Amino acid sequence: MRNIGIMAHIDAGKTTTTERILFYTGKSHRIGEVDDGEAIMDWMEQEQQRGITIQSAATTTYWKNHQINIIDTPGHVDFTAEVERSLRVLDGAVAIFDAVHGVEPQTETVWRQAARYHVPCVGYVNKMDRVGADFYFVLEDVQKKLGANAVALQIPIGKEGNFEGVIDLIEMKEIRWDDSGGETMSISPIASEREATAKQWREMLIDALSSVSDAVTEKYLDGAELEPALIRGELRKAVLQRKILPMFTGASRRNMGVQPLIDAVVDYLPAPDEVLPAVGHHLKKEEDITIPCDPKGQPLGLVFKIQNDREAGSLCYVRMYSGSIKSGSAIFNTGKKKRERANRILRMHSNKSEPMDELAAGDIGVIIGMKLAQTGDTVGSEGWPVILEKMQFPEPVISVSIESKTISDQDKLKDILALLAKEDPTFTTRENEETGQLIISGMGELHLDVLVTRILKEYKVGAKVGNPQVTYRESISIAGERSEHFSRVIAGKENAAGLTLKVEPARRGAGNKYICGVKGSSGRDSIPEEIFDAVERGINGAFASGIVMGYPCIDVVATLTDIQYSEISGTEFAFEACASMALDEACRGAAPILLEPIMAVDLASPHEFAGEVMSLVTQRGGHILSMNSKVEISEIKAQAPMAKMFGFMTALRSVSQGRAGFSMEFSHFEKKSER
């Protein structure tokens, strides 16, 4: 079995390649084209209209007696969370690179995500038939930008319009594809004019392999012939340890180069029991344990994605790490400490499904019937309370207000927003207490646009959307201290509390921290634990409600330095309220500041417009960090305040005749400039 993801920058050809894989493995009987809106993996109406992948789609296919579970992930930066949760549960990945543009900004992001979860990868250079395609440039770019040890296992025959096929450097043969649908491959000896180049690249392959494999080094030094089976075996070991990134090439749109890529998935990417065992936290023993991939072990799985289906309710995508779950059996949601039932188990093929009797270790499937599950929950058995690590998702940085057109639709809109928030961890909704407006927040303009379109078209609720707003944060710039007393008579009983709180600014990005500085010191031992818990609750609640403007407060260290407690009048309620007031007043006296989100902006522009593009960024309060000249385009990295970036695409198109593009993602919070 192989669990793989297809990952890359937007428009590198992930879905197109996946469609070819499904066709050649016999899963589909025709090739669906993204450009025609007929791709099987892009089943959402919006994906077909926009020609991009929005939700990661899962499917299962079979090749040479191997079951391959494939997840096609989005490439647009606004949907980073979809990639994140897919990579968390995958054992291997195919990284696709555009032969013209090489390593693009979002490729770097997904590469970092894959490295975080130690996902072994194979590389595929797509679009070799495009004008400006250069396989060797991409190879160099991958080594330079990603720091990966990229090693070519194939080199192209020709390029651009003359791209004919590839040379397999392990078998030392030429491979070409027929024009009809690329199903038949013709294999021939290497032509004499290409032999020298092929030998030179094979030497480089052996050289790279011998640096990580003793078996290859010994044979090579003895002058013995290296059989393909040995090369493949040693390559597999190196790929599993992420020491080598084997590179393949082709042109998926023209049905060239896909079959060797499927072979590579089977040959070099790991089976579920070959990757590092998952690590879980045993709640009773309070220690981390490793979980071997054993179908006969205790059941343990991770809910990595939730999708809402009109008929079936919540579809919970689960990756099993140990044991198995049978259809109709009871399961335990360890984090929520609740029993649930797996009414049905399905094997997904994009938006179609087929029933399964059980879901065993290493496999990926969908469980129907779980009502409380959320993304990141661990499911298993009551007798073995183990939690797999939670997934980390980025903070939403852009908000818009939304309201239903009629009062009768108001509750329906709230229910739909709750469903969407359950599906997507980077989408949040809240009600503004002062204005009564519903505020929705997401990762970018496209992200919110897609969600709003779903509300209007998919759920058919009339809604009006306000202009985008930036979500600011508040913090403090100097240290401050405050002693606060609280006393109130409620129902004839006095509730009193007194404490002293010190606040200090933390380094940017460190987050909030509460330190109890009085525990255990002389005379304090008589104070009940619940009082300290109440103080902590009050402080954490006050962090969320802000200082002056009501935005969440970040990067503040609050230390409790003194506490006045009386057994007669000291209550949890009093201390919670007192702590909240003390933090509020202490922060107000510590020179509060407003922080705004700063975006990391990656721009690609033809050389002749690079100057205008850079000046456009600086006009909007941005800073240029670096500029890198490639063959056709200039790559510019910059940082700019999010508030000034609305409508940037229109301005960028007008200064570059529509030829420049950009992507941006949240970088950090910084003090709001007065400009």
Side-chain angles (χ1 to χ4, degrees), residues 7-11 14-15 34-35 37-58 71-86 106 109-110 305-310 315 317 350-351 375 393-404 412-430 438-471 599 642 645-650 661-666:
M7 60 181 202
H9 186 86
I10 191 165
D11 253 5
K14 294 177 295 302
T15 305
V34 177
D35 302 359
E38 289 183 351
I40 296 162
M41 300 302 275
D42 285 351
W43 56 271
M44 278 173 71
E45 188 187 336
Q46 286 201 67
E47 292 180 318
Q48 293 164 0
Q49 287 171 354
R50 295 171 192 260
I52 60 169
T53 302
I54 292 168
Q55 285 198 344
S56 48
I71 296 186
D72 175 28
T73 64
H76 196 284
V77 66
D78 280 15
F79 307 107
T80 303
E82 280 287 322
V83 187
E84 179 88 22
R85 52 184 173 182
S86 303
Q106 187 60 9
T109 309
V110 291
K305 175 180 160 81
I306 288 185
Q307 198 175 308
N308 195 61
D309 184 88
R310 285 210 166 153
L315 307 180
Y317 285 72
S350 187
N351 62 335
T375 302
F393 293 113
E395 288 273 312
V397 289
I398 177 173
S399 303
V400 296
S401 63
I402 186 167
E403 57 184 66
S404 56
K412 194 177 172 189
L413 178 65
K414 283 185 182 175
D415 293 344
I416 290 161
L417 291 176
L419 278 177
L420 292 173
K422 194 178 173 187
E423 274 187 25
D424 185 348
T426 57
F427 173 67
T428 60
T429 75
R430 64 186 169 84
L438 274 174
I439 307 290
I440 57 174
S441 309
M443 296 302 299
E445 288 183 83
L446 178 67
H447 185 204
L448 287 183
D449 185 28
V450 164
L451 288 162
V452 169
T453 312
R454 282 187 69 189
I455 292 167
L456 300 175
K457 290 194 173 170
E458 203 175 304
Y459 294 101
K460 295 184 172 52
V461 172
K464 290 184 288 194
V465 179
N467 289 329
Q469 301 292 318
V470 176
T471 53
M599 308 301 282
M642 181 167 197
M645 292 302 285
F646 293 127
F648 181 72
M649 190 73 211
T650 315
F662 84 106
S663 68
M664 66 175 183
E665 61 183 324
F666 170 70

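All figures in this text were calculated on a predicted structure; none of them were measured in a lab.
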For Met642 against Met599, the heavy-atom pair lying closest together: CB-CG, 3.7 Å
Any side-chain heavy-atom pair of Ile402 and Leu413 under 4.5 Å: yes
Worked check of side-chain contact (heavy atoms from CB on, under 4.5 Å) between Ile455 and Leu417: CA-CA 8 Å; Ile455 292 167; Leu417 291 176; 3.6 Å; yes
Worked verdict on Leu419 versus Asp415 for side-chain contact (heavy atoms from CB on, under 4.5 Å): CA-CA 6 Å; Leu419 278 177; Asp415 293 344; 5.9 Å; no
Exercise: identify the closest heavy-atom pair between Gly442 and Leu448: N-CD2, 3.7 Å
Val465 vs Ile440 side-chain heavy atoms within contact, under 4.5 Å: no
